[in-house]
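As structure tokens, the structure follows; a few thoughts come after it.
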2 protein chains.
Amino acid sequence: MKYEVLVEVRLHDDIADPAGATVERALPALGFAGVEGVRVGKAVRFKVEAPGPEDALLRAEEVANRLLANPVIESAGVRLLGLLEAPS
Amino acid sequence: MKYEVLVEVRLHDDIADPAGATVERALPALGFAGVEGVRVGKAVRFKVEAPGPEDALLRAEEVANRLLANPVIESAGVRLLGLLEAPS
């Protein structure tokens, strides 16, 4: 069965985030008050073939931790978005 | 009240994604079969001050569409992650 997953890769809280700081500084000039703590990370979507939802999540977590995130500065979170194809 | 939101900025389906293609090509060499359709986007988290959850979402969508996404090649989706602080 094929599942769609979303991996969010984000910087650890104690790592500086210049992209997020730049966004935050730009907001007041655009008329947005009350927005803070902006952190910019990566959102990676993919489809994974697995026998069930738990296996799909495990496989996606392995991909996230071995290929997508740099564990020294980042952590990865995985969300299962849905079942795309069941076997006919 | 303060809410935490997550904005996912992703490339339209018909826009080429070289970063996603590179990840996809690297997977078989690392022993991952059955992963396809990799698309790399941005994940932006922030805290927004709003009177209620609907307003927090609306405000986050405006930030996403006016500052974070380039509508020519990207679309933005917003998720409310939770309430951080209620007034005492």
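Letters A, B, ... are given to chains in the order of the sequence lines, protein chains preceding strands, and every chain is numbered from 1.
Within residues 38-50 of chain A, the residues that have a heavy atom under 4.5 Å from a heavy atom of chain B are V38(A), R39(A), V40(A), G41(A), K42(A), A43(A), V44(A), R45(A), F46(A), K47(A), V48(A), E49(A), listed by number. Residues of residues 63-75 of chain B that come closer than 4.5 Å to chain A, counting heavy atoms only, are V63(B), R66(B), L67(B), L68(B), ordered by residue number.
Ranked by heavy-atom pairs shorter than 4.5 Å toward chain A, the options R59(B), E36(B), K2(B) are led by E36(B). Of the residues considered (V5(A), L6(A), V9(A)), L6(A) shows the highest number of contacts with chain B, using heavy-atom pairs under 4.5 Å. Of the listed residues R10(B), E4(B), E24(B), the one with more heavy-atom pairs under 4.5 angstrom with chain A than any other is R10(B).
For a residue to count as touching a neighbouring chain, one of its non-hydrogen atoms must lie under 4.5 Å from one of that chain's; by this rule E62(B) touches chain A with backbone and side chain alike.
Linking Ile, Leu, Val, Met, Phe, Trp and Tyr residues whenever their side-chain heavy atoms come within less than 4.5 Å leaves I15(A) and V23(A) in two separate clusters. Connection of L84(A) to L58(A) is not established within any shared hydrophobic cluster, with ILVMFWY side chains joined at heavy-atom distances below 4.5 Å, either directly or through further cluster members. A single hydrophobic cluster is seen to contain both L30(B) and V7(A), as judged by linkage of ILVMFWY side chains at heavy-atom distances under 4.5 Å, directly or through other members.
Contacts of E61(B) classified as side chain to side chain donor-acceptor pair (under 3.5 Å), with partners at least two apart in sequence or in another chain: none. Residues that satisfy the side chain to side chain contact (heavy atoms under 4.5 Å, CB included) test with P53(A), not counting sequence neighbours, are Y3(A), L80(A).
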